[in-house]
Amino acid sequence: MPDPSIALKKEDLSSSAPRVRFAPSPTGFLHVGSARTFIFNWLYARSKAGTMVLRLDDTDVKRNTEASVQSIFEGLKWVNLGWDEEYKQSDRLDLHQKAAWAIFERGLAYRDFTPAHTGDAEKSGAQGTWLFNPGMRELSREESDRRAAAGEPFALRFLVPRQSVDEIRFTDAVYGEQRKLASDVEDFALLRSDGMPTYHLASCADDADLRITHIIRGQDHLSNTFKHVLIFNALAAQLPSFAHLPLLVAPDGTKLSKRRHGPIVSVTSYRDAGFLAAAFINFLCLLGWSPKNDREQMSLAELQELFTLEGINRANAVVNFKEPAPTPEEMFDPKAVWLNAEHIRALPVEELGARLLPIVRGAGHNLTEAQMLRITPLIRERIKLLRDVLTAADFFFLDQLPQYDPAELIPQKGDAAMAGKVLEKARSVLAGVEFKHDPLDQALRTAAQELGLKAGQMFQPIRVAACGRKNAPPLFETLEVLGREKTLQRIDSAIAKLQ
RNA sequence: GGCGCUAUCGUCUAGGGGUUAGGACGGAAGAUUCUCAAUCUUCAAACCCGGGUUCGAUUCCCGGUAGCGCUACCA
């Protein structure tokens, strides 16, 4: 008899609120492609008032690690979208077994006593058409039972229909009508010889049991779906809807992998480099999906509103990273970096400051919230990654300016003498003026006039003296935040450098 | 090898039988500002190839090519 707990799941899945799932297998860190799958599922669930299920697909005991589970949670925690229900397949082995044997009892599976293939070395290249191990499909039930009872190990395989007319079909929300001859599908395993369920079986049994209505996953599962249709049918479960996502690939067109492409494929690399989760999500959504209205920069709320399965396209998307990159910024897809800068600028000063402060403190600088808040508006438009605060605003929190070339102090069309004159003048002016934007502006422009110099020629030496480099935020705001004491001190040491 | 999927600027994409094939990133040039950044303007840059169908295909059909995926007692 079929197990009733499986069979009774046959109900109308389409009329209820959608239930979607993200089902990573813990064999490594959270991959950006997985993160995108998670995000698309989440967006779909949220836009339809549905339920988001997180399920750890950990049936491959040999390859699963606890460290990987942790790193997946770490990645998801940063992405910060959350989920409604959580399961682990290893807690549900009983269900899988029952499902497998229910299929067997229905005559849709058979025991395969052929020893497992040892060498998986020749996985690529010309492989003969493998559909089933000879002799095993035809084994009588009696003999099969007898050999099993005798303790002979076996795998349980799905008995795929072999009539050439049998066709498996389903509709994919992205790829449309899909059909395949059953005779082109191999007799895939349901249970391993150690009794553990395979991915296909566990996944489908769980999807049926958890009443998943929409399976949104990577396109690498598109051809597996034919097997899944077979399993759902054998389980007498209603078929969920499918939506396969085009894959994320590397610039060389190959699938993203840690071995080949390094840490760039890990979600935490984006976090550590100073991406905002919202920008990261935004970026990923633009790979393989489009709102079709030329919108690019979108908040999470906007994405939720705009997201539809119809907007997903079919071709693989390249994540345009550079692996050996001179700077962290250059290693990421330029569009991701640009989006991050956009999201940074869109953040209120208080919020941006709050995100920047831990980074600055983490680098060993003492800084108060109030100080951070004054610095933030000055660098807001000058940083692309959060970590850029360390280089863009260093002169605010460093006591000693790093070494710089005294030649930098020399203004346009000027010489060292002019630089010296400017700095001396600035010194005396700044000693008396109020350190606020407007008075500074007025005093320094007047000083420039008195020296017969252009404003730029006056400001540049002061800027370099104060900041240690030519490129910095506007001068008066900077000096105002820096304060009289540090400014004068730095001008003094710049004058000394000039000698 | 078998089966499946895909193909628009360097990249992400919009579009669709008749368009100057649109946008964005990146690139180049310029404007602007005390430098940088931001902002603005301008420029370069694409329909894989070959056959059909059609008055007309980048768009529809077929074939080719290329890429990707699956082809495990991995997921």
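Quick note: numbers below take in every heavy atom, side chains included, and nothing from hydrogens, waters or symmetry partners.
Of the side-chain N and O atoms in A/Arg445, one or more sit less than 4.0 angstrom from OP1 or OP2 of B/rC34. Taking side-chain N and O atoms only, A/Gln178 has a distance below 4.0 Å to OP1 or OP2 of B/rC5. Distances shown here put a side-chain N or O of A/Arg157 below 4.0 Å from the OP1 or OP2 atom of B/rC73.
Residue A/Pro334 is classed as a sugar-phosphate contact, given heavy-atom separations below 4.0 Å to backbone atoms only. A/Ala317 comes within 4.0 angstrom of the backbone, heavy atoms only, and of no base. At a threshold of 4.0 angstrom between heavy atoms, the contacts of A/Thr27 with the nucleic acid are absent. At the heavy-atom level, A/Thr198 lies under 4.0 Å from the strands shown only through sugar-phosphate atoms. Residue A/Gln297 is out of contact with every strand shown, counting any heavy-atom pair closer than 4.0 Å. Residue contacts shown for A/Pro473 include a base, since a base heavy atom lies under 4.0 Å away. Within 4.0 Å (heavy atoms only), A/Asn313 reaches sugar-phosphate atoms of the nucleic acid but no base atom. A/Glu330 comes within 4.0 angstrom of nothing in the nucleic acid, heavy atoms only. Within the 4.0 angstrom heavy-atom criterion, only backbone atoms of the sugar-phosphate kind lie near A/Gly288; the bases stay farther away. Residue contacts shown for A/Arg295 are absent, as no nucleic acid heavy atom lies under 4.0 Å away.
A residue-by-residue look at A/Ala472 and A/Asp60 shows that A/Ala472 has its nearest nucleotide of RNA chain B further toward the 5' end. If A/Asn293 and A/Lys470 are placed on RNA chain B by their nearest nucleotide, the residue sitting closer to the 5' end is A/Asn293.
Note: CG (A/Leu378) to P (B/rA38) measures 16 Å, nearest angstrom. Residue A/Glu477 contributes atom CD, which lies 17 Å from atom P of B/rA38 at whole-angstrom precision. Taking atom CZ of residue A/Arg380 and atom P of nucleotide B/rC36, one finds them 21 Å apart after rounding to whole Å. Between A/Leu201 atom CG and B/rA75 atom C1' the separation is 14 Å, expressed in whole Å. Atom-to-atom, CG of A/Asp58 to P of B/rA75 comes out at 10 Å; the value is rounded to the nearest Å. In this structure, the CZ atom of A/Phe476 is 12 Å from the C1' atom of B/rU35, given to the nearest Å. A/Glu152 has its CD atom 17 Å from the P atom of B/rC73, to the nearest Å. If you measure from atom NZ of A/Lys335 to atom P of B/rG27, you get 13 Å, rounded to the nearest angstrom.
The partner of B/rU53 is absent, by the rule that a Watson-Crick or G-U pair needs both atom distances under 3.5 Å. B/rU35: no Watson-Crick or G-U partner with both key distances under 3.5 Å is found in any strand. Searching all strands for a Watson-Crick or G-U wobble partner of B/rU19 with both distances below 3.5 Å returns nothing. Across every strand in view, B/rA72 sits unpaired, with no contact that passes the Watson-Crick or G-U test at under 3.5 angstrom. Across all strands shown, B/rU65 pairs with B/rA7; the Watson-Crick or G-U wobble distances both stay below 3.5 Å. For B/rU59, there is no paired nucleotide, since no Watson-Crick or G-U wobble pair has both relevant distances below 3.5 Å. Base pairing analysis places B/rG27 opposite B/rC43; the two distances defining the Watson-Crick or G-U wobble pair are each below 3.5 Å. Under the Watson-Crick or G-U wobble criterion, with both distances below 3.5 Å, B/rA14 is left unpaired in every strand shown.
Residues A/Asp394 and A/Arg469 are paired through a salt bridge, judged by an N-O separation under 4.0 Å between the basic side chain and the carboxylate. The pair A/Arg157-A/Glu186 fails the salt-bridge criterion, with no side-chain N (NZ, NE, NH1 or NH2) lying under 4.0 Å from an Asp/Glu carboxylate O. With salt bridges taken as basic N to acidic carboxylate O contacts below 4.0 Å, one links A/Arg295 and A/Glu302.
Using C1' as the reference atom, B/rC9 and B/rC25 are 12 Å apart when rounded to the nearest Å. For B/rA28 and B/rA44, the C1' atoms lie 8 Å apart once the distance is rounded to whole Å. Here the separation of B/rG4 from B/rG15, taken at their C1' atoms, is 27 Å to the nearest Å. The P atoms of B/rA38 and B/rG64 are separated by 49 Å, rounded to the nearest whole Å. A distance of about 16 Å separates the C1' atoms of B/rU6 and B/rC49, rounded to the whole Å. The C1' atoms of B/rG2 and B/rA21 are separated by 39 Å, rounded to the nearest whole Å. Separating the C1' atom of B/rU53 from that of B/rC60 is a span of 8 Å, rounded to the nearest Å. Rounded to whole Å, the separation between the C1' atoms of B/rC62 and B/rU54 comes to 16 Å.
Note on ring orientation: taking the six-membered ring where Trp is involved, the planes of A/Phe188 and A/Phe158 are parallel (angle under 30°, cut-offs 30° and 60°). Aromatic ring orientation, A/Phe40 versus A/Trp289: perpendicular (interplanar angle above 60°, classes split at 30° and 60°).
When side chains are defined from C-beta on, A/Asn320 does not count as touching A/Phe332, because their heavy atoms never get closer than 4.5 Å.
With sequence neighbours left out, the salt bridge (Lys or Arg N to Asp or Glu O under 4.0 Å) criterion links A/Glu424 to no other residue.
In this structure, of B/rA75, B/rC36, B/rC73, it is B/rC36 that holds the atom nearest to the side chain of A/Asn471. Nearest nucleotide to the A/Ala155 side chain, out of B/rU11, B/rC3, B/rC73: B/rC73. Closest to the A/Glu296 side chain, of the nucleotides B/rU39, B/rA24, B/rU13, is B/rA24.
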Exercise. What's the verdict on ring pair (Phe, Tyr, Trp, His ring centres under 6.0 Å) for A/Tyr110 and A/Phe104, showing C-alpha distance, side-chain angles and the deciding distance?
Worked result: CA-CA 6 Å; A/Tyr110 63 93; A/Phe104 177 79; 9.1 Å; no
Exercise. Could you write nucleotides 63-70 of chain B as a row of B, S and -, 5' to 3', where a protein heavy atom under 4.0 Å of any base atom gives B, of only sugar-phosphate atoms gives S, and otherwise -?
Worked result: -----SBS
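At a cut-off of 3.5 angstrom, the base of B/rA14 holds no donor-acceptor pair with the side chain of A/Lys292. Taking 3.5 Å as the limit, the base of B/rC5 and the side chain of A/Arg314 contain no donor-acceptor pair of atoms between them.
Separation of atoms CZ (A/Arg490) and SG (A/Cys467) is listed at 7.5 Å; rounding is to 0.5 Å. The distance from the NZ atom of A/Lys88 to the OG1 atom of A/Thr59 is 13.0 Å, given to the nearest 0.5 Å.
If you check the side chains of A/Gln460 and A/Arg463, you find a donor sitting under 3.5 Å from an acceptor.
Geometrically, A/Arg111 engages A/Phe154 in a cation-pi contact defined by less than 6.0 Å to the ring centre and at most 45° from the axis.
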